Each structure stands twice: as structure tokens, then as C-alpha cells.
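Only one structure is covered here, and it is reproduced in the block below.
A quick note: this is a predicted structure, and the numbers were derived from the prediction, not measured. Throughout, a chain's letter reflects where its sequence line sits, starting with A, and its residues are numbered from 1.
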Amino acid sequence: MSIVSSIQKNVTAGLSALYNQSITEKDFQINQTKPEFEGDYTIVMFALVKSLKQSPDSIGNQLGGYLIKTYPELFSNFNIIKGFLNLSVTNTFWTNLLQKNYANAGYGRKEKNGKKVMVEYASPNTNKPLHLGHLRNIFLGWSVAEIYKANGYEVIKTCIVNDRGIHICKSMIAWQKYANGATPQSTGIKGDHLVGDYYVRFENDLKAESQVLINKINLGDLCDFSGVALEKLDKLLIALTKLDEIKDEEKIAKLHDEIKEIARNNTSVMAEAKQMLLDWEEGKPAVIDLWKKMNGWVYEGFDITYKRIGTDFDKIYYESKTYLLGKYIVQQGLDKTVFFKKEDGSIWIDLTADGLDEKLVQRKDGTSVYITQDIGLALQKYEEYKIDSSIYVIGNEQNYHMKVLQLICKKLGMANADNIFHLSYGMVELTTGKMKSREGTVVDADDIVDEMIATSQMHTEELGKVKDFTVEELKDLYDTIGLGAMKFYLLRVDPKKTMVFNAEESIDFHGFTGPFVQYTHARIKSILRKEPLANNQQALTSSNLLKLEKELIVILEQYPEAIEQAAIEHNPSIIAMYVFNLAKTFNSFYTEHSIANAETGNKKQLRLQLAVMTANTLNSGMELLGTRVPERM
RNA sequence: GACUUGGUAGCUCAGCUGGAUAGAGCAUCAGCCUUCUAAGCUGAGGGUCAUUGGUUCGAAUCCAAUCCAGGUCACCA
């Protein structure tokens with residue numbers, strides 16, 4: 001049990017003994033005492049004044065007196081300042097805590113709780129390489145998985161590959177046109193990048209062709225259009241002439257976007273892509289073969305990246321397989337009247353009673369939409385692994401989609417539908433604005449990883465501390481530091497929030513960064529190589545603890561709580577902040593006090609234990625962030 | 001327009017289930033390496049917590065309104 005909960009318990013017991021009133025733990029708060037006051041933990045008396053009908057100081061005095069009398073092994077002293085009861089914890093408590101846990105590598109981690117959770121992350125499309133946004137997603141998913149493991153869950157890491165759809169057809173069309181049979185082998189280009197290049201090629205063609213159409217439309221020439229598209233265009237153009245007078249720029253831009261969309265859909269290249277999608281669904285061998293070939297290149301490319309950044313999956317799902325299950329479930333749901341069919345044959349669910357709209361789950365031509373396969377997959381996950389809960393690491397632009405998905409699962413009677421959790425994370429923006437693939441401002445994952453590793457190499461060489469390392473050891477160290485910096489940078493921010501990626505800041509290895517934490521660890525290991533801690537040490541007599549010694553133990557005591565909180569909030573940044581705080585405190589301690597030349601043998605022993613426990617905890621915490629810590633750097 | 005998320009130091013972020021004088025890192029300035037790794041440490045300056053009102057012993061935190069910014073509202077995925 002954490003010290004705060006012990007105090008909570010003791011205070012509740014004390015209050016009921018003193019006042020014969022049942023005060024619960026929610027009726028008062030325990031905070032850490034501010035450094036300018038004496039004491040370790042503070043209880044605010046004001047909250048109790050009303051129910052106990054006494055002055056804050058009087059309650060404080062009685063409660064403080066009771067606590068040190070009743071729990072002398074825990075509390076040594078108290079004082080009251082302006083209604084705040086400050087409690088001092090005995091040195092014995094702190095040294096005992098240190099003695100008990102310093103050598104425990106699993107400190108802070110919980111026993112298995114028998115529950116299974118699935119974490120879905122990464123989930124890329126197979127038409128272009130991974131970018132910075134994917135990295136945030138992947139690091140988050142991995143870290144949350146580790147954090148859940150540390151909390152006693154059995155975790156299954158999974159990934160749904162969006163390998164089917166118009167996007168991959170676009171790459172295929174452009175490849176057929178321009179590639180002359182080029183392959184990753186023949187060009188030396190990583191598979192995912194090669195396929196991505198042809199996707200860009202397609203988009204360029206599409207842009208050029210649609211621009212011609214837009215120009216004609218702007219001149220009032222609609223001869224390229226017919227049917228529904230023509231009708232829509234007519235309406236848009238009329239709306240535009242009206243708005244020109246009002247000068248609502250936002251609305252005008254919106255209308256122009258709609259025109260652009262119609263133009264894009266009316267191009268010959270788009271028609272080719274759509275035809276290819278139909279051919280794919282019909283299973284035309286030539287299309288399927290090409291699809292398999294190009295997807296294969298992408299997977300090879302992804303695998304290289306995954307391996308490099310140290311991520312993997314226990315199970316990979318493919319959309320090309322799950323969509324059929326989705327359609328099957330939609331049929332079943334139709335029989336159960338969860339869904340209903342419209343006259344044109346399309347299938348919908350009515351969510352208006354839940355404050356949402358009607359949502360299409362299957363097109364009139366019988367093909368599945370995005371949510372169809374998600375329904376199938378959600379069910380399949382539960383049936384295949386008998387999981388208790390399911391975490392989806394997906395960007396916040398899909399909040400609505402996930403809300404709908406969860407609701408549908410519930411209506412279909414899925415047992416654990418309430419335990420679907422959407423870990424909704426914010427976009428990664430650049431200092432120059434948003435990343436937009438169409439404008440080529442996307443930061444490529446492989447590039448940025450290269451850059452981070454190169455930077456770590458540069459710094460390491462400049463400092464020249466590991467000149468005796470072998471080539472392999474050096475390479476491993478550069479990877480450890482470069483990736484450590486990268487992961488820490490992306491994980492140190494609350495996942496929910498949009499974050500700004502500052503290229504200059506990201507390669508800074510000082511301050512609130514991964515390398516700072518890694519450095520602290522290496523520093524401790526260096527001491528321990530010279531001053532190994534003997535195993536069979538007698539119990540320490542709890543002499544006076546210095547301020548920084550105690551501060552370190554106090555922070556170490558909070559680690560289990562941090563692990564727990566990180567899981568509750570699905571938030572690795574709690575661990576990042578914790579580990580930084582611990583490293584910072586150790587560094588202050590390190591410069592103030594010598595370990596090797598401590599004043600007494602007893603002190604040396606205590607400080608070595610502190611060093612060992614700090615190193616263990618830094619290692620453990622960084623592991624939860626998917627990051628290694630080096631022995632030397 | 002509806003729904004939703006955010007606005008805290010020059011920049012990037014903590015703090016938000018109400019508590020004492022609002023914190024880090026970067027950047028700026030001033031110091032510290034013949035003793036355990038200076039990727040470190042110490043100190044200084046830097047704030048109308050978007051604005052206004054309310055709730056109360058006490059508000060960055062809760063409530064309301066307003067302003068600003070992002071996201072969603074597809075028979076795309």
C-alpha cells in the first residue's frame with residue numbers, strides 16, 4: 001500500500017476515534033508538503049471544519065497528536081500553519097522502504113490479475129510509408145501495452161492492416177503506367193517507399209486532370225459532366241454566384257472544395273482506379289496478383305521500420321479478410337432488426353435515439369464500408385482471444401466513428417462492448433503548420449529515425465566517452481540513444497493533446513529528454529562498477545536522512561502509483577514525467593553528496609542502495625516507454 | 001450551423017476529482033570539471049493561468065457567457 005493511502009486510512013481511523021463521526025477518505029485531501037514548510041504530507045483542515053464544527057487549528061492539533069501517538073513508527077512530528085496540518089514521516093519508514101525494495105527489479109509492477117486486454121495500434125494503409133503521426137501512434141500503443149502488462153494484465157498487441165480499398169488501387173494504377181516493372185530489388189528503394197512514390201504519382205496525375213476540369217467549370221463549361229454530378233455542379237455554381245455578393249469566404253471555399261471533389265471523381269484516372277477496385281472485388285487474377293505483389297513490398301518495408309523502432313505485434317489482422325465477417329454480421333443484425341434496409345437495398349442503423357444520426361453499414365451494391373469491417377473485427381477479437389477489454393489507439397479525428405462503433409457493438413449484444421476504449425490521440429503538427437501529404441509536408445518515419453540516430457552518433461563522438469566500444473556496441477548505443485530521444489519526445493506529452501513537433505527541439509538531448517534519463521542511468525552504473533553493493537548487508541540503522549536522500553526515497557515510493565495511474569489514464573506521459581523527475585533528483589543528489597566517499601560506512605551503504613534502486617526504477621520506467629537504458633554512454 | 005477538444009512564461013509542455021507565494025524543460029543571463037561520467041549541477045530574470053461574471057473560508061482548477069484555435073458531422077479509409 002502506498003504511503004498516501006496508509007495515511008488516509010490512519011486519518012480516517014483517527015477522526016472516527018476522536019470525534020465519533022464517520023469521515024470517509026473523500027472528505028479530506030492529502031498533499032505533499034510544500035518545500036518551504038516542515039513536514040512530508042499535508043492535510044487541509046478546512047474541509048473538515050463543517051462536519052466537525054471545530055476550528056481548523058483545533059482539529060489539526062488533536063489529529064496530529066493522535067497520529068504520532070498511535071502510529072509512532074510512521075509519524076515523527078507535526079505542525080499546523082494556517083489550517084494546514086503538516087505531518088513528518090519517520091526516517092525509519094523511509095529507510096525500511098529502501099531496504100525492502102532496492103534490489104527488486106520488479107518494483108512497482110503488479111501480480112497477474114488474470115485479465116486479458118487487446119491493444120490495437122499502428123494500423124497503416126498499404127499505399128504509402130509510415131510517417132511521424134504513425135510513430136506517435138505506435139509508440140503510444142506499445143507503451144500502453146507495456147503499462148498494462150506492468151499492471152498485471154495479459155496483453156495481446158495487434159494491428160489491423162488496411163490493405164484493401166481505392167488507395168492501394170491508386171498506387172497500382174500508377175505503377176502499371178510508369179514503373180516499367182520496377183521493384184524494390186531492381187531500384188534499391190524500400191518497398192513501402194516505392195509504392196508510396198507511385199501513389200504520389202497517381203495523385204499528381206489526378207490533380208492535373210482535375211485542374212483542367214475545374215478550369216472549364218469556372219468558365220461555365222460543364223460538357224464533361226452528366227447525371228447526378230451535373231445536377232450538383234449546377235446547384236453549386238448557382239450558390240456561388242449568390243455568395244459572391246455576400247463575400248462569406250469560408251462558405252465560398254467550402255463550395256469550391258465540393259466542386260473540386262466532383263471534378264476529381266470525374267477524371268479518367270479516378271475511373272481507372274474505381275474499375276480496378278471492382279476487378280479486385282471480383283477477384284480478377286491479374287489484379288489480385290499485382291495487389292499481392294505490391295502489398296508484399298509494403299509489408300517488407302514496414303517490417304524493416306518496425307524492427308528498427310523495436311515494435312512488433314502478437315497478431316495481425318487484414319482488412320481484406322475481416323470485411324467478409326463484417327458483412328456476415330450485418331446480415332445477422334438485420335435479422336435481429338438491429339439494422340434496417342432502405343428501399344435501394346442499402347443497410348443502416350438508426351442511432352437517433354442515442355443522439356447520433358443514421359449510419360450506413362452496407363452500400364446498396366452490397367459492398368462493405370469502413371465501419372462494416374470494424375464491426376466484424378471487434379467481434380472477432382473477442383471470440384478469438386476471449387479478451388476482457390479492447391484498446392484502440394486511433395487518432396482523435398475518428399472520435400465519432402469510434403463512438404458509433406461502440407454503440408453498434410452494444411446493440412448487437414456484444415458482451416464486453418462497454419470495455420472498448422478508444423485511446424484517442426491528437427495530431428502531430430509541425431512548427432510550420434500541419435502535415436499534409438498532398439502538399440508534401442509529411443515527415444517520413446524512416447527519415448526522422450535516421451536523423452535521430454545520426455544526431456546521437458554525433459553527440460556521442462563529440463563527447464568521446466566510449467572510444468573503447470566495438471563497432472557493434474557503438475551502433476547499438478546510437479540506436480538506443482536516438483530512439484530513446486525520439487520515443488521520449490513523442491510520449492512525454494499527454495496523448496489526448498495535439499502536439500507540435502519541433503525538429504530542433506527533438507534533437508536536443510538535454511533537459512526533459514530520453515538521453516537525460518539514459519545518461520543518469522549510465523552514471524549510476526559507472527559508480528556501481530567501481531563500488532559494487534555487497535549482498536549480505538546488515539540492516540541500516542536509521543540515522544538522520546539528508547534532505548536529498550529523503551527526497552529520492554520519497555520519489556521512489558511514488559513509482560507504483562505512477563504505473564497504476566498511467567494505466568487508468570492510458571497515459572505514458574505520466575511515466576515519462578516520473579522518470580525525468582527521478583533522474584533530476586538523483587542528479588542533484590549526485591552533485592551534492594559523494595557515494596564512494598560517504599561520511600560513514602553506513603551512509604555509503606544507504607547511498608549505494610539508493611543508487612541501485614534509482615537505476616532499477618529508471619530502467620523499469622523507460623522500459624514502459626519502449627526505451628532501453630545503456631550501461632555506458 | 002450542431003457536436004467535440006483545447007487556450008497557463010518568448011517556445012514546448014505539467015498542474016485541472018478546488019488548498020499555502022502557479023511549476024518543468026528549451027531559449028536568455030551569471031556561476032561550477034586535478035575527487036563517483038559536465039548528455040550534469042547551482043542561481044537569476046521571465047505570468048492579467050484567453051476575457052467577463054458566478055459559486056466559497058479559498059478558483060488556473062467547478063459553473064455560465066463570450067472570444068480565439070483544432071477536429072468531426074461521406075454510399076473515403
Side-chain angles (χ1 to χ4, degrees), chain A residues 26 29 31 33-34 36-37 42-47 49-50 56 81-84 86 123 125 127 162 164-168 261 265 319 342 344 346-348 355-357 359-365 367-371 373-374 395-401 403 424 426-427 429 431 434 456 459-460 462-463 465-466 481 485 489 492-494 496-502 504-506 508-520 522-531 573-574 576-577 580-581 583-584 586-598 607 611 632-633:
Chain A
K26 280 173 194 158
Q29 278 187 358
N31 305 313
T33 304
K34 300 243 167 193
E36 57 269 31
F37 301 103
T42 297
I43 303 168
V44 185
M45 292 292 110
F46 292 104
V49 168
K50 254 188 193 163
I81 298 168
K82 291 198 289 182
F84 293 84
N86 300 319
S123 304
N125 289 343
N127 62 328
N162 300 309
R164 172 196 97 93
I166 195 85
H167 50 87
I168 178 69
E261 208 50 44
N265 274 320
E319 190 190 305
K342 287 199 178 173
D344 64 0
S346 58
I347 302 176
W348 297 71
L356 306 177
D357 290 329
K359 179 87 182 173
L360 177 95
V361 293
Q362 188 170 307
R363 296 192 187 99
K364 60 176 176 254
D365 61 6
T367 56
S368 73
V369 288
Y370 180 34
I371 202 152
Q373 51 245 10
D374 273 352
N396 62 11
E397 74 273 16
Q398 294 194 36
N399 285 353
Y400 182 76
H401 174 82
K403 205 169 159 186
S424 158
M427 310 254 115
E429 291 180 1
T431 41
K434 284 187 202 164
S456 78
H459 285 309
T460 307
E462 262 173 26
L463 292 166
K465 291 178 184 175
V466 287
I481 299 173
Y489 185 84
R492 69 183 196 184
V493 185
D494 186 337
K496 289 193 291 291
K497 293 197 175 173
T498 303
M499 68 172 288
V500 175
F501 182 87
N502 181 327
E504 261 176 60
E505 203 181 280
S506 69
D508 183 0
F509 289 180
H510 303 270
F512 188 20
T513 67
F516 172 88
V517 178
Q518 292 172 323
Y519 173 73
T520 310
R523 229 179 185 187
I524 297 173
K525 286 295 173 165
S526 167
I527 300 169
L528 295 176
R529 274 192 297 274
K530 289 169 189 159
E531 300 282 348
S573 81
I574 290 174
M577 287 187 287
F580 169 67
N581 203 8
K584 203 167 63 127
F586 182 86
N587 281 326
S588 297
F589 160 74
Y590 174 93
T591 21
E592 280 302 306
H593 308 292
S594 174
I595 295 171
N597 300 314
R607 289 181 188 167
R632 289 177 58 195
M633 67 186 275

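- At the phosphate of B:C36, neither OP1 nor OP2 sits under 4.0 Å from any side-chain N or O atom of A:R607.
- Considering only the side chain of A:F84, B:G19 comes nearest among B:C13, B:G19, B:C75.
- Within 4.0 Å of A:N399, counting heavy atoms only, lies no atom of the nucleic acid at all.
- The separation of B:C57 from B:C41, taken at their C1' atoms, amounts to 42 Å, rounded to a whole angstrom.
- Side-chain N/O atoms of A:R363 include one lying less than 4.0 angstrom from OP1 or OP2 on B:C76.
- Protein atom NZ of A:K82 is 13 Å distant from nucleotide atom C1' of B:C57, rounded to whole Å.
- Rounded to whole Å, atom P of B:U12 lies 21 Å from atom CZ of A:F509.
- Side-chain proximity of A:E36 to the nucleotides B:C75, B:U35, B:A20 is greatest for B:A20.
- Residue contacts shown for A:F37 include a base, since a base heavy atom lies under 4.0 Å away.
- More than 12 non-hydrogen atoms from other residues, nucleotides or ligands lie less than 6.0 angstrom from NZ of A:K359.
- Among the atoms of the strands shown, only primed sugar atoms or phosphate atoms (P, OP1, OP2) are found under 4.0 Å from some heavy atom of A:K584.
- When side chains are defined from C-beta on, A:S456 does not count as touching A:Q518, because their heavy atoms never get closer than 4.5 Å.
- Phosphate contact (OP1/OP2 of B:C75, side-chain N/O of A:K364, threshold under 4.0 Å): absent.
- OP1 or OP2 of B:G40 sits under 4.0 Å from a side-chain N or O of A:H510.
- Across all strands shown, A:E319 has heavy atoms under 4.0 Å from sugar-phosphate atoms exclusively, and none from any base.
- Look at CD on A:E261: it is 9 Å from C1' on B:C76, rounded to the nearest Å.
- In the set B:C75, B:A77, B:C13, the nucleotide with an atom closest to the side chain of A:Q373 is B:A77.
- Here the side chain of A:E505 is nearest to one of B:U12, B:C26, B:A20, namely B:U12.
- Between the base of B:A20 and the side chain of A:T42 there is a donor-acceptor pair shorter than 3.5 Å.
- As judged by a 4.0 angstrom heavy-atom cut-off over every strand, A:V493 is placed among residues touching the sugar-phosphate backbone only.
- Contacts of A:A47 with the nucleic acid, taken as non-hydrogen atoms under 4.0 Å apart, include base atoms.
- Note on A:S588: only backbone sugar-phosphate atoms sit closer than 4.0 angstrom, heavy atoms only; bases stay farther off.
- The CD-C1' distance, from A:E462 to B:A38, rounds to 14 Å in whole Å.
- Using a 4.0 Å heavy-atom criterion, one finds that A:Y519 contacts the bases of the nucleic acid, with or without backbone contacts as well.
- Taking 4.0 angstrom as the limit, A:S526 places a side-chain polar atom (N or O) nearer than this to OP1 or OP2 of B:U37.
- Here the closest non-hydrogen pair linking A:A596 and A:E531 is CB-OE2, 3.6 Å.
- Residues A:H401 and A:D374 bring a donor and an acceptor atom of their side chains to less than 3.5 Å of each other.
- Checking B:C36, B:A20, B:C57 against every side-chain atom of A:K34, the shortest atom distance belongs to B:A20.
- Closest contact between the side chain of A:I81 and the listed nucleotides B:C57, B:A20, B:C75 involves B:A20.
- For the pair A:R523 and A:Y590, the cation-pi test (distance below 6.0 Å, angle within 45°) is passed.
- Taking only side-chain atoms of A:N597, from C-beta outward, the nucleotide of B:C36, B:G19, B:U35 with the closest atom is B:U35.
- Atom CZ in A:F516 sits about 16 Å away from atom P in B:U37, given to the nearest Å.
- Rounded to whole Å, the distance from CZ on A:F512 to P on B:G23 is 18 Å.
- Taking atom CE of residue A:M633 and atom C1' of nucleotide B:G40, one finds them 11 Å apart after rounding to whole Å.
- Residue A:L356 is classed as having no contact, given no heavy-atom separation below 4.0 Å to the nucleic acid.
- Under the 4.5 Å side-chain criterion, counting only non-hydrogen atoms from C-beta, A:T460 is not in contact with A:F509.
- Among the atoms of the strands shown, base atoms are found under 4.0 Å from some heavy atom of A:D344.
- In textbook terms, a nucleotide whose glycosidic angle is within 90° of 0 is syn, while B:C49, being further out, is anti.
- Residue contacts for A:Y370: at a heavy-atom cut-off of 4.0 Å it reaches a base atom on one of the strands shown.
- A distance of about 15 Å separates the C1' atoms of B:A60 and B:U21, rounded to the whole Å.
- When ring centroids are compared, A:F589 and A:F586 come within the 6.0 Å threshold.
- Of the candidates B:A20, B:A77, B:A24, B:A24 carries the atom nearest the A:F580 side chain, counting heavy atoms from C-beta on.
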Its dot-bracket string being built from Watson-Crick and G-U pairs below 3.5 Å, with | for another strand and [ ] for crossing, RNA chain B has the pattern ((((((((.[[[[.)...(...]]]].(((((.......))))).....[[[[[..)....]]]]])))))))....

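- Contact annotation: the side chain of A:V500 approaches that of A:T431 to within less than 4.5 Å [non-hydrogen atoms, C-beta and beyond].
- Evaluation of atom-type donor-acceptor distances gives no pair under 3.5 Å for the side chain of A:D365 against the base of B:C75.
- Classification of A:D494 and A:K496 as a salt-bridged pair holds, one side-chain N sitting under 4.0 Å from a carboxylate O.
- In this model, the phosphate group of B:G18 is approached by a side-chain N or O of A:Q29 to a distance below 4.0 Å at OP1 or OP2.
- Straight-line distance from the CG atom of A:N31 to the C1' atom of B:G58: 14 Å, rounded to whole Å.
- For A:N86 and B:A20, a side-chain-to-base donor-acceptor distance below 3.5 Å is present, hydrogens and geometry of angles not being considered.
- In this structure, A:K497 reaches the B:A14 phosphate: one of its side-chain N or O atoms is under 4.0 Å from OP1 or OP2.
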